Amino acid sequence: MFSAIDHAHMAHALRLAEHGLYTTRPNPRVGCVIAHAGDVVGTGWHQRAGEPHAEVFALREAGERARGATAHVTLEPCAHHGRTPPCADALIAAGVKRVVIASEDPFPQVNGRGIDKLRAAGITVETGLLREAARELNMGFFSRFERGRPFVRVKLAMSLDARTALANGESKWITGEAARADVQRWRARSSAILSGSGTVLADNPRLTVRLAHDPLGPAQSEQVAPPMRVVLDRQLRTPAGSHVLDGSTATLVLHGTPASCADDRFARVERLAMAMQDDAIDLRAVLGLLAGRGCNEVHVEAGPTLCGALFAAGLVDELLLYVAPLLLGDNARPLLKLPTLDEMSRRWQLRVIDQRQLGPDWRLRLRPT
């Protein structure tokens, strides 16, 4: 059904879509290539929510040459009026003959309607080319609409003996500069950075994005919208003067303890009481709340208790594990706090999907099997 030329154009469209890795949220990352056989006449990618979609940029570039051409799009063209007009209508008006789509759009107002509209206009529509690659690029967007929660990525750094900090809490720095710069890129692509009050008390982190050396270029870096900072603080222990309370970027403090509105520590952030489960904030409720606010990918930087609780609840979709070639000893702090297992069949099984060296350190990307 799909030719080698189709494959080449869709691969090109996926590379274009990657340019929106940091900037399109809460929208998906989408690319489009319009061509007559091997002759590309228009390309485009979605740059920012509220601005034109990939198809519109590609059609603008193609002009009259779009008539009779094939459009290769990484996600089903929209069929509804949102902040921009329907892309399906734009493709029809331009006179394209065929549309090749990598993946259907799970957004309820699209979800097949774009395909139906194109076919009703007499356009040949074929779907499924490089579908898994398109879904991978937008795993958080698909997770939000198919599972009702964001894609959860936990970042941890450890020594060779699986320790994350000395017994006194000192942890700067286990990994080197290259690994820390890599973490910034994962932060940048996320909708929210999640941490716990224990980490705030111990490290006073900023939980912001600092892209000093971005592979997509400085122009892209300047367009990155700061991810929302989310702090789970059951007893409202976050002290005044903490960086996460500075109001420099949108911050949400989730707690379980009745709180006074007069507490001016939180004057520059949003504070919200959450449901509790087993004397802890309900993590599923937290993720449901973030999905409702348009969060696609949640990046977790927290201690062994919160990260362990997410693993134990089956809420971790990916682990970013940075391993440094050093040893910290038996008394140093462990990687995760997990329930005791009484049989091997209950172990947490992970598969490595990517591994690479970053300076002296290694980064493993792992997902539950």
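None of these values were measured; they are calculated from a predicted model.
When the shell of 6.0 Å around CZ of Arg206 is examined, it contains 12 or fewer heavy atoms from other residues, nucleotides or ligands.
In summary, the aromatic rings of His19 and Trp45 are positioned with their centroids under 6.0 Å apart.
Linking ILVMFWY residues whenever their side-chain heavy atoms come closer than 4.5 Å, directly or via other members, leaves Leu211 and Trp186 in distinct clusters. When the side chains of ILVMFWY residues are joined at heavy-atom separations under 4.5 Å, either directly or via intervening members, Val231 and Val286 end up in two distinct hydrophobic clusters. Note on Leu326 and Trp362: separate hydrophobic clusters, where clusters join Ile, Leu, Val, Met, Phe, Trp and Tyr whose side-chain heavy atoms are under 4.5 Å apart, directly or indirectly. Transitive grouping of hydrophobic side chains (ILVMFWY, heavy atoms separated by less than 4.5 Å) keeps Ile174 and Leu327 in distinct clusters. Following chains of ILVMFWY side-chain contacts shorter than 4.5 Å, one can reach Val316 starting from Ile281, so the two form part of one hydrophobic cluster.
In this structure, Glu270 does not pair ionically with Arg229, as no charged nitrogen and carboxylate oxygen lie closer than 4.0 Å. A salt bridge is absent between Glu136 and Arg29; no separation between the charged side-chain nitrogens and carboxylate oxygens falls under 4.0 Å. The pair Glu146-Arg135 meets the salt-bridge criterion, since a charged nitrogen lies less than 4.0 angstrom from a carboxylate oxygen.
Among pairs with a residue in residues 319-337, those fulfilling side-chain hydrogen bond (donor to acceptor under 3.5 Å, both in side chains) read Asp182-Tyr322, at least two apart in sequence or across chains. Legend: side-chain hydrogen bond (donor to acceptor under 3.5 Å, both in side chains) pairs involving residues 54-77, not counting sequence neighbours, sorted by first then second residue: Asp6-His72.
In terms of the salt bridge (charged side-chain N to carboxylate O under 4.0 Å, His left out) criterion, residue partners of Arg149 (sequence neighbours excluded) are, by chain and number, Asp317.
Thr175 and Asp361 form no side-chain donor-acceptor contact under 3.5 Å, judged by distance and modelled atom types alone. Residues His299 and Glu301 have side chains that bring a donor and an acceptor to within less than 3.5 angstrom of each other.
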- request: Step by step, work out the side chain to side chain donor-acceptor pair (under 3.5 Å) result for Asn296 and Ser191.
  value: CA-CA 6 Å; Asn296 293 330; Ser191 303; 4.7 Å; no

field: Worked verdict on Glu126 versus Arg131 for salt bridge (Lys or Arg N to Asp or Glu O under 4.0 Å)
entry: CA-CA 12 Å; Glu126 298 171 55; Arg131 175 182 280 123; over 6 Å; no

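Of all non-hydrogen atoms in Cys307 and Ala302, the two that sit nearest each other are SG-O, 3.6 Å.
Looking only at distances, no side-chain donor or acceptor of Asp203 sits under 3.5 Å from a matching main-chain atom of Pro205.
Side-chain contact between Leu207 and Thr249: absent, with no pair of heavy atoms (C-beta onward) separated by less than 4.5 Å.
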